[in-house]
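Report on the structure given below.
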Amino acid sequence: NMIKIGILGAGRVGEAFLKGLKPLHEEGKIFVAASHRRLERREELGRKYSLKIFSSNDELVQSSDIVIITLKPDQFRALSESMKRKALFKDKTVISVMAGITLDELRDKGGIEKAFRIMPTLGVINQNGLMAMCASSHVEPQDWIDVESILSALGDVIRLEEDKFAAFTALGGSGPAYVALIMESLIDSGVTIGLSRSISKKIVDHLFLSLVGLVEIYEHPIYLREAVMSPNGTTAQGLLCLETAGVKGNIIQAVIKAYQRAREME
Ligand SMILES: NC(=O)c1ccc[n+]([C@@H]2O[C@H](COP(=O)([O-])OP(=O)(O)OC[C@H]3O[C@@H](n4cnc5c(N)ncnc54)[C@H](OP(=O)(O)O)[C@@H]3O)[C@@H](O)[C@H]2O)c1
């Protein structure tokens, strides 16, 4: 009774799922396959992962219990009508990673009743992601358990109401870019005050790697900041500059902007 999982349209995100699920496939816990429209890509994936890659999406769906749709939203919209006509997803559980495609749209356009919608962060590419997940009313408690256990191969899973997905996207989805910008600025600052780029990067890598553990010890970023900030010290001068520039307010504004854009795209 091994669960059969099909990844429909294995592009970048689909490949992350193939890679993350392959160990479970090798342990014989699940069976994983995928589909792609281009021969060259099918050959590439077949070579890299030694899994079955279908040229026909319909055959992939027919031979799967759970279908993970990793197409772009417009690519799905182009296929959905014919898939609905063929009732391809009847009795299938579908996990959609497509941004902006709602559970209602999956049902109305694709005839998909039993659907999970997930929003992964970039961390899924090295099995270190965070995935927000919601589901249609046709999903049974056992489906939640099965799907959560499968997705945990790619990182942590949280249940989130569908109307919070745009907020998750603005913070968790776009977040790596904000943090990367801060990281880049700190590396440049080290170079500006005379450190070599490689030493500066090493220091900044260490700052980011150690931060989550430190925040756990101090229980909140505020207490960590207070612990580092000594009277008349260096940190107080640095923080004064950041506060005068309104860095905190600007970061909040940036996330609000991203959120508004995510809402527009829904
Ligand atoms: N990238 C992210 O960080 C991220 C984060 C969260 C959610 N998402 C969502 O994940 C989805 C996939 O994103 P992605 O970046 O992985 O896109 P992608 O690399 O373009 O993946 C889509 C793949 O599906 C293939 N495809 C298109 N039509 C097909 C068809 N009819 N049959 C079979 N395969 C087909 C495409 O082939 P071609 O190469 O020939 O076009 C492409 O390889 C999107 O819906 C996006 O909203 C992405």
Side-chain angles (χ1 to χ4, degrees), residues 5-21 32-49 51-64 67-86 88-89 92 94-103 105-106 109-110 112 115-134 151 154-158 160 162 164-180 258-259 261-266:
I5 298 175
I7 297 167
L8 201 163
R12 278 169 300 181
V13 173
E15 184 171 351
F17 278 83
L18 266 186
K19 194 171 160 196
L21 295 177
V32 182
S35 67
H36 202 276
R37 61 176 168 187
R38 281 185 290 107
L39 171 66
E40 180 197 327
R41 177 70 174 159
R42 290 196 295 278
E43 286 177 348
E44 180 194 346
L45 292 170
R47 244 191 338 269
K48 266 166 108 174
Y49 300 102
L51 295 167
K52 180 153 178 58
I53 315 293
F54 290 82
S55 58
S56 153
N57 295 322
D58 292 9
E59 276 178 40
L60 175 87
V61 174
Q62 277 152 2
S63 65
S64 303
V67 181
I68 306 179
I69 305 181
T70 59
L71 295 167
K72 294 266 194 204
D74 287 344
Q75 295 164 345
F76 169 75
R77 290 185 180 113
L79 292 180
S80 59
E81 203 183 303
S82 85
M83 289 179 148
K84 183 179 179 179
R85 225 182 307 110
K86 291 182 236 169
L88 214 54
F89 294 105
K92 306 287 178 191
V94 167
I95 302 172
S96 163
V97 306
M98 297 177 288
I101 296 210
T102 61
L103 294 167
E105 187 172 353
L106 290 171
K109 305 266 172 62
I112 300 167
F116 286 90
R117 193 181 154 195
I118 67 167
M119 179 52 65
T121 63
L122 185 60
V124 294
I125 66 172
N126 61 351
Q127 297 86 55
N128 199 13
L130 178 65
M131 286 157 280
M133 170 162 145
C134 63
L151 293 179
L154 288 125
D156 288 339
V157 183
I158 53 170
L160 192 70
E162 189 168 30
K164 295 281 188 290
F165 266 50
F168 184 89
T169 304
L171 188 57
S174 302
Y178 314 143
V179 180
Y259 173 65
R261 183 71 189 120
R263 291 295 301 270
E264 272 171 28
M265 288 164 76
E266 271 178 354

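One-based numbering along the sequence shown. Numbering of ligands and ligand atoms starts at 1, following listing order.
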Inspect the contact between E59 and K52 and indicate whether a charged nitrogen and a carboxylate oxygen are less than 4.0 angstrom apart.
no
Strictly below 4.0 Å, N to O, side chains only: are R263 and E266 in salt-bridge contact?
yes
Check: [Y] and [X] side chains under 4.5 Å, non-hydrogen atoms:
{"X": "M83", "Y": "D58", "answer": "yes"}
{"X": "V32", "Y": "Y49", "answer": "no"}
{"X": "H36", "Y": "E44", "answer": "no"}

Contact list for residues 120-132, test side-chain hydrogen bond (donor to acceptor under 3.5 Å, both in side chains), sequence neighbours left out:
none
Output the set of protein residues with a heavy-atom contact under 4.0 Å to ligand 1, ordered first by chain identifier and then by residue number.
G9, G11, R12, V13, H36, R37, R38, N57, T70, L71, K72, P73, Q75, L79, V97, M98, A99, M119, P120
